Amino acid sequence: MKKEGKFSKDYDHMAILVFLEGECWLVDVGFGDSFIYPKKIETDGVQMDYVDYWRVVSDPDENLILQQSDDCSVFRSKYLFTREEKQPIQFLERCAFHQTSTESDFTQQKIITRLTEKGRVTLTERKLKILELGSSNEQEIMNEDEFLSKLQQHFRIGLRQLIRKSQ
């Protein structure tokens, strides 16, 4: 994945390549701000997903790069991947980092996101972001009570479920 102008470390994110009827597709259920439908792995076309345009390009080292655009003219690289098969154990170290390190974005704040029929809803302890058909609406979260209220409203997770999980 790309952050601050460069790609993250190897094994930072696991996406899946699916081979179906002679074609290769990129499937990614864990990248919260990305495409919704699988993307065909071909380097000579543009694919649309709701209101975003996507393409796959290759670099000089024969890596593949997934790129996204709002207008089909300026593309931003989202992440770099290969067709090389990897084993889940290879991701173990980075997975532990993201769950425990104070340097990981995932340990710095609460975050939950889910796909909706029209886009995505994301809640952090600081803001609620609702993306629907390309339009984005953001609302600041003022305190823990408001966070818990939005958690219940948009994710159907109440205080009882949180208490049960933490015991």
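Note that this is a predicted model, so its numbers are computed, not measured. Just so you know, these numbers use all the heavy atoms, side chains as well, and skip hydrogens, waters and symmetry mates.
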Handout entry: Over 12 non-hydrogen atoms of neighbours within 6.0 angstrom of NZ in Lys118
Key = no
Practice task
Report yes if some heavy atom in the side chain of Thr122 is under 4.5 Å from a heavy atom in the side chain of Arg114; otherwise report no.
Solution key: no
Exercise for the section: Could you state whether Val121 and Ile157 fall into the same hydrophobic cluster, counting links through intermediate Ile, Leu, Val, Met, Phe, Trp or Tyr residues with side-chain heavy atoms under 4.5 angstrom apart? Expected result: yes
Completion exercise
Taken to the nearest 0.5 Å, the spacing of Leu131 CG from Ser136 OG works out to 5.5 Å
Handout entry: Salt bridge flag under 4.0 Å for residues Asp49 and Lys39
Key = yes
Practice task
State, yes or no, whether a side-chain contact exists between Cys24 and Val18 at a heavy-atom distance under 4.5 Å.
Solution key: no
Completion exercise
Separation between CD (Glu125) and CD1 (Ile112), nearest 0.5 Å, reads 13.0 Å
Handout entry: Single-linkage hydrophobic cluster, 4.5 Å side-chain cutoff, Ile41 and Phe19 together
Key = yes
Exercise for the section: With rounding to the nearest 0.5 Å, note down the distance linking CD1 in Ile111 to CG in Asp105. Expected result: 9.0 Å
Exercise for the section: Rounded to the nearest 0.5 Å, what's the gap from CG on Asp28 to CD1 on Ile36? Could you check? Expected result: 12.0 Å
Practice task
Assess whether atom CD of Gln108 is packed by more than 12 heavy atoms of other residues, nucleotides or ligands within 6.0 Å.
Solution key: yes
Practice task
Could you check Gln139 against Glu146 for side-chain hydrogen bond (donor to acceptor under 3.5 Å, both in side chains), going step by step and ending with a plain yes or no?
Solution key: CA-CA 11 Å; Gln139 175 186 348; Glu146 187 176 6; 3.3 Å; yes
Practice task
Take Phe155 and Leu123 through the side chain to side chain contact (heavy atoms under 4.5 Å, CB included) test and state the conclusion after the steps.
Solution key: CA-CA 9 Å; Phe155 298 90; Leu123 176 65; 3.7 Å; yes
Problem - Heavy-atom closest pair, residues Ile130 and His154 - result: CD1-CE1, 3.7 Å
Practice task
Please determine if Asp52 and Arg76 form a salt bridge, counting it only when a charged side-chain N lies under 4.0 Å from a carboxylate O.
Solution key: no
Exercise for the section: Check whether any side-chain heavy atom of Leu80 sits under 4.5 Å from a side-chain heavy atom of Asp59, and report yes or no. Expected result: yes
Handout entry: Pair Lys127 + Glu140, salt bridge at N-O below 4.0 Å
Key = no
Practice task
Could you give me the CA-CA distance, side-chain angles and deciding distance for Thr43 and Val57, then say whether side chain to side chain contact (heavy atoms under 4.5 Å, CB included) is met?
Solution key: CA-CA 5 Å; Thr43 57; Val57 298; 5.6 Å; no
Practice task
Identify whether Leu17 and Leu64 are in the same connected component of the hydrophobic contact network (ILVMFWY, side-chain heavy atoms under 4.5 Å).
Solution key: yes
Handout entry: Working for side chain to side chain contact (heavy atoms under 4.5 Å, CB included), residues Ser101 and Phe106
Key = CA-CA 9 Å; Ser101 175; Phe106 296 104; over 6 Å; no
Practice task
Kindly compute the distance separating CD (Gln68) from NZ (Lys78), expressed to the nearest 0.5 Å.
Solution key: 5.0 Å
Problem - Axial cation check for Phe91 ring with Arg94, 6.0 Å and 45° limits - result: no
Problem - Exam field: side chain Gln152 to backbone Leu148, donor-acceptor pair closer than 3.5 Å - result: no
Practice task
Give the ring-plane orientation class for Tyr79 versus His13, where under 30° counts as parallel, over 60° as perpendicular and anything between as tilted.
Solution key: tilted
Practice task
Output yes when a side-chain donor or acceptor of Thr107 lies under 3.5 Å from a complementary backbone atom of Ser104, and no otherwise.
Solution key: yes
Handout entry: Side-chain heavy-atom pair Arg120, Thr113 within 4.5 angstrom cut-off
Key = yes
Practice task
Could you tell me whether a side-chain N or O of Asp71 sits under 3.5 Å from a main-chain N or O of Ser73, the two making a donor and an acceptor?
Solution key: yes
Problem - Check: Ala96 main-chain N/O paired with Thr100 side-chain donor or acceptor under 3.5 Å - result: yes
Handout entry: Side-chain donor or acceptor of Gln47 paired with backbone N/O of Tyr53 under 3.5 Å
Key = no
Problem - Any donor-acceptor pair under 3.5 Å from Ser69 side chain to Val74 backbone - result: yes
Exercise for the section: Flag the pair Ile16 / Trp25 as yes when at least one side-chain heavy-atom distance between them is below 4.5 Å, and no otherwise. Expected result: no
Exercise for the section: With the side chain counted from C-beta on, respond yes when Phe147 and Leu128 share a heavy-atom pair under 4.5 Å apart, and no when they do not. Expected result: no
Handout entry: Side-chain heavy-atom pair Lys150, Ile141 within 4.5 angstrom cut-off
Key = yes
Fill in the blank from the handout: Minimal heavy-atom distance between Trp54 and Phe35, with the atoms involved, is CZ2-N, 3.5 Å
Practice task
Check the surroundings of atom OH in Tyr37: do more than 12 heavy atoms from other residues, nucleotides or ligands lie under 6.0 Å from it?
Solution key: no
Exercise for the section: For the residue pair Leu66 and Val56, establish whether any side-chain heavy-atom pair is separated by less than 4.5 Å. Expected result: yes
Problem - Electrostatic pair Arg126-Glu138, nearest N-O below 4.0 angstrom - result: no
Completion exercise
Here the gap from Glu144 atom CD to Ser149 atom OG, rounded to the nearest 0.5 Å, amounts to 11.5 Å
